Amino acid sequence: MSQAVNVADLPLQQLEALRSQLEQETEFLTSSIQQLKLVQTKYVESKESLNKLSKDNAGKDVLVPLTSSMYVPGKLHDVEHVLIDVGTGYYVEKTVCEARNFFKRKVEFLTKQIEKVQPALQEKYTIKQAVIEMLNQKIQHISALNASQSGSAKA
């Protein structure tokens with residue numbers, strides 16, 4: 001069970017540690033959203049690429065990627081079936097219609113995951129801003145105290 005803590009009651013060192021932790025958490029969540037969006041984009045592109053598979057394109061020349069920067073010439077033979085990378089080196093043969101549905105489900109799933117992470121990111125960011133504001137106030141207060149103490153010591 002978590003307990004609410006007033007950041008104004010925390011000492012400077014704990015505020016700094018909390019700010020650092022929140023910074024790491026916001027960076028992690030931001031990175032997670034970026035990765036989810038990157039994968040989502042790849043699924044969208046794959047789904048759109050299925051539109052190029054038609055009976056009219058059967059037998060046409062294509063470039064087959066061997067790596068991200070090396071291709072070999074080939075001929076488009078089967079326009080009814082595709083192999084889909086389902087992860088960890090496994091591929092599944094599907095019809096074009098099944099592949100469209102697969103990519104649609106994946107995009108929807110990733111959209112939901114992004115929608116779940118974004119509020120958490122926003123909440124962490126808001127808390128981090130409050131902690132930073134409190135840190136600045138405490139530092140200004142300490143600086144003002146030190147200035148007044150050194151001024152009264154000179155007198």
Side-chain angles (χ1 to χ4, degrees), residues 1-54 62-72 81-155:
M1 186 162 107
S2 64
Q3 212 175 10
V5 175
N6 187 352
V7 291
D9 297 338
L10 295 175
L12 206 54
Q13 293 82 2
Q14 285 183 339
L15 276 173
E16 181 56 39
L18 181 58
R19 185 209 53 81
S20 178
Q21 177 186 346
L22 290 166
E23 183 70 35
Q24 289 174 353
E25 290 174 7
T26 55
E27 286 175 12
F28 173 77
L29 291 172
T30 300
S31 173
S32 296
I33 288 174
Q34 288 172 344
Q35 289 173 1
L36 288 169
K37 285 182 178 181
L38 181 68
V39 173
Q40 184 183 45
T41 300
K42 287 184 179 188
Y43 282 130
V44 168
E45 289 171 354
S46 295
K47 184 178 173 197
E48 289 171 358
S49 293
L50 291 172
N51 295 332
K52 294 181 177 97
L53 290 178
S54 67
V62 294
L63 290 175
V64 180
L66 292 181
T67 68
S68 62
S69 61
M70 186 169 64
Y71 300 83
V72 294
H81 298 90
V82 293
L83 288 177
I84 296 179
D85 181 358
V86 292
T88 62
Y90 289 95
Y91 294 84
V92 176
E93 184 175 319
K94 293 190 177 283
T95 66
V96 171
C97 184
E98 292 170 334
R100 267 193 196 94
N101 290 334
F102 174 84
F103 292 129
K104 180 182 177 201
R105 284 192 319 272
K106 289 294 187 178
V107 169
E108 288 171 356
F109 173 77
L110 290 167
T111 300
K112 288 177 185 172
Q113 296 308 306
I114 291 168
E115 288 170 355
K116 286 179 185 177
V117 175
Q118 282 179 327
L121 173 61
Q122 185 59 44
E123 180 184 4
K124 295 288 183 186
Y125 182 78
T126 302
I127 294 169
K128 183 181 86 170
Q129 291 305 110
V131 168
I132 289 171
E133 189 176 313
M134 185 54 60
L135 259 171
N136 289 337
Q137 288 176 6
K138 286 198 175 211
I139 289 171
Q140 287 175 355
H141 181 71
I142 291 170
S143 296
L145 281 177
N146 287 343
S148 68
Q149 286 176 354
S150 65
S152 63
K154 291 181 183 177

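Throughout, residue positions are numbered sequentially from 1 according to the sequence presented. Please read all numbers here as calculations on a predicted model, not as lab measurements. Note that these values count all heavy atoms, side chains included, but never hydrogens, waters or copies made by symmetry.
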> Go through Glu133 and Gln129 one step at a time and tell me if the side-chain hydrogen bond (donor to acceptor under 3.5 Å, both in side chains) criterion holds.
CA-CA 6 Å; Glu133 189 176 313; Gln129 291 305 110; over 6 Å; no
> Rounded to the nearest 0.5 Å, how far apart are NZ of Lys47 and CG of Asn101?
8.5 Å
> To the closest 0.5 Å, what do you measure between OH (Tyr91) and CG (Leu83)?
8.5 Å
> Might you point out which heavy atoms bring Ala99 and Ile84 nearest each other, and give the distance in Å?
CB-CD1, 3.5 Å
> Would you please say whether a donor-acceptor pair under 3.5 Å links the side chains of Gln122 and Gln118?
no
> What pairs with Tyr43 under ring-ring contact (aromatic ring centres under 6.0 Å, His included), at least two apart in sequence or on another chain?
Phe103
> Name the one of Val92, Val86, Val107 that satisfies side-chain contact (heavy atoms from CB on, under 4.5 Å) with Phe102?
Val86
> When rounded to the nearest 0.5 angstrom, what distance separates CG in Leu110 from CD1 in Ile33?
12.5 Å
> Could you tell me the separation between the CG atom of Leu53 and the OG1 atom of Thr95, rounded to the nearest 0.5 Å?
11.0 Å
> Please report the C-alpha distance between Glu16 and Gln13 in whole Å, then the side-chain angles of each, then the deciding distance to 0.1 Å, and finally whether the side-chain contact (heavy atoms from CB on, under 4.5 Å) criterion is met.
CA-CA 5 Å; Glu16 181 56 39; Gln13 293 82 2; 5.8 Å; no
> Please find the pair of heavy atoms, one from Gln14 and one from Leu10, that lie closest to each other, and give the distance.
OE1-CD2, 3.2 Å
> I need the minimum non-hydrogen distance between Ile114 and Leu36, along with the two atoms involved.
CG1-CB, 3.6 Å
> With rounding to the nearest 0.5 Å, note down the distance linking CZ in Arg19 to CD in Gln24.
9.5 Å
> Which atoms form the tightest heavy-atom contact between Leu15 and Val131, and what is the distance?
O-CG1, 3.5 Å
> So, does Ser31 use its side chain to make a donor-acceptor pair with the main chain of Glu27 at under 3.5 Å?
no
> Go through the structure and list residues passing salt bridge (charged side-chain N to carboxylate O under 4.0 Å, His left out) with Arg100, not counting sequence neighbours.
none
> Under the 3.5 angstrom rule, does the side chain of Thr41 hit a backbone N or O of Lys37 as a donor-acceptor pair?
yes
> Can you tell me how far apart OG1 (Thr30) and CG (Leu121) are? Round to the nearest 0.5 Å.
4.5 Å
> Would you mind listing every side-chain hydrogen bond (donor to acceptor under 3.5 Å, both in side chains) that reaches into residues 103-117, with sequence neighbours excluded?
Gln40-Thr111
> Decide yes or no on side-chain contact (heavy atoms from CB on, under 4.5 Å) for Gln137 and His141, but give the supporting numbers first.
CA-CA 6 Å; Gln137 288 176 6; His141 181 71; over 6 Å; no
> In terms of heavy-atom contacts, does NE2 of His81 have more than 12 from other residues, nucleotides or ligands at under 6.0 Å?
yes
> For atom NZ of Lys128, decide whether the heavy atoms of other residues, nucleotides or ligands shown that lie under 6.0 angstrom number more than 12.
yes
